[in-house]
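These notes concern the structure reproduced below.
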Amino acid sequence: MTGKYKTKQQTYIRQYLESKKDDYVTVNQIEKYLKENNCAVGLTTIYRHLEKMEKDGIVAKIHVERYPGACFQYVGNSGQEDCFYIQCESCGQVTKMQCHHLAGLYRHVNSEHHFTVNPQKTVFFGKCEKCEK
């Protein structure tokens, strides 16, 4: 988004996402934050800004069971090949993971199977340590 026109709403959305960078948030949470900061904006505008941010690689869009619609997480301009998400099938918790072993897997899938994996949309399902006990 560098060099592009920035609106007040866009700035607030990005600030909120950055403050929650270790979490995933819904559009409704973003809307509530904006209203609390006297920056009322419609859902369509929020979706439009998020769509732009996702296209620019600043935001990852993921679907989390138990949440209607999509969730979003700030990823910055990382472009990391070693990131992915894990989601607990019991409690629904989603965690962003980084593991250098995944970069090799993604390269393998690309070179041997001619398929490019989108790391920001890769989700592994299983059970978290807490639910496993």
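These values consider heavy atoms only, across backbone and side chains, with no hydrogens, waters or symmetry-generated copies. Throughout, numbering of the chain's residues begins at 1 and tracks the sequence.
Here Glu36 contributes atom CD and Tyr16 contributes atom OH; the two are 8.5 Å apart, rounded to the nearest 0.5 Å. Between the CD1 atom of Ile30 and the CD1 atom of Ile46 there is a distance of 6.5 Å, given to the nearest 0.5 Å. Between atom CZ of residue Phe72 and atom NE2 of residue His49 there is a gap of 13.0 Å, rounded to the nearest 0.5 Å. Taken from OG1 in Thr95 to CZ in Phe84, the straight-line distance is 10.0 Å, to the nearest 0.5 Å. Annotation: the span from Ile86 atom CD1 to Thr122 atom OG1 amounts to 13.0 Å, rounded to 0.5 Å. Distance SG/Cys39 to NZ/Lys8: 5.0 Å, rounded to 0.5 Å.
Checking Gln73 against Tyr85 by side-chain atom types alone, a donor-acceptor pair falls below 3.5 Å.
Of all non-hydrogen atoms in Gln29 and Tyr24, the two that sit nearest each other are OE1-O, 4.1 Å. Closest approach of Lys127 and Cys88 over heavy atoms only: CA-SG, 3.9 Å. The shortest non-hydrogen separation linking Val75 to Ala60 is CG1-CB, 3.9 Å.
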| said: Pair His113, His108 - check side chain to side chain contact (heavy atoms under 4.5 Å, CB included), show working. | reply: CA-CA 7 Å; His113 305 283; His108 167 79; 3.2 Å; yes
| request: With side chain to side chain contact (heavy atoms under 4.5 Å, CB included) as the test, would you mind laying out the steps for Cys128 and Cys91 before giving the verdict? | output: CA-CA 8 Å; Cys128 68; Cys91 69; 4.0 Å; yes
| request: Would you sort out whether Tyr12 and Tyr33 count as a side chain to side chain contact (heavy atoms under 4.5 Å, CB included), showing the intermediate values? | output: CA-CA 9 Å; Tyr12 275 113; Tyr33 170 80; 4.2 Å; yes
| request: Might you work through the side chain to side chain donor-acceptor pair (under 3.5 Å) test for Glu18 and Tyr74, ending with a clear yes or no? | output: CA-CA 6 Å; Glu18 286 177 0; Tyr74 179 80; 3.3 Å; yes
| field | Asp23/Val94 under side chain to side chain contact (heavy atoms under 4.5 Å, CB included): CA gap, chis, key distance, verdict | value | CA-CA 8 Å; Asp23 250 334; Val94 176; over 6 Å; no
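No donor-acceptor distance shorter than 3.5 angstrom exists from the side chain of Glu112 to the backbone of Val109, with no hydrogens or angles considered. Counting only distance, with no hydrogens or angles, the side chain of Thr45 and the backbone of Val41 share no donor-acceptor pair below 3.5 Å.
Sparse packing is recorded around CZ of Phe115, with 12 or fewer heavy atoms of other residues, nucleotides or ligands lying under 6.0 Å away. Under a cut-off of 6.0 angstrom, the local environment of CD in Gln15 is crowded, with over 12 non-hydrogen atoms contributed by other residues, nucleotides or ligands.
With salt bridges taken as basic N to acidic carboxylate O contacts below 4.0 Å, one links Glu31 and Lys35.
Of the options Ile58, Val59, Leu50, a side-chain contact (heavy atoms from CB on, under 4.5 Å) to Arg14 is made by Ile58 and by none of the others.
Residues Thr7 and Gln10 are in side-chain contact: their nearest non-hydrogen atoms beyond the backbone lie under 4.5 Å apart.
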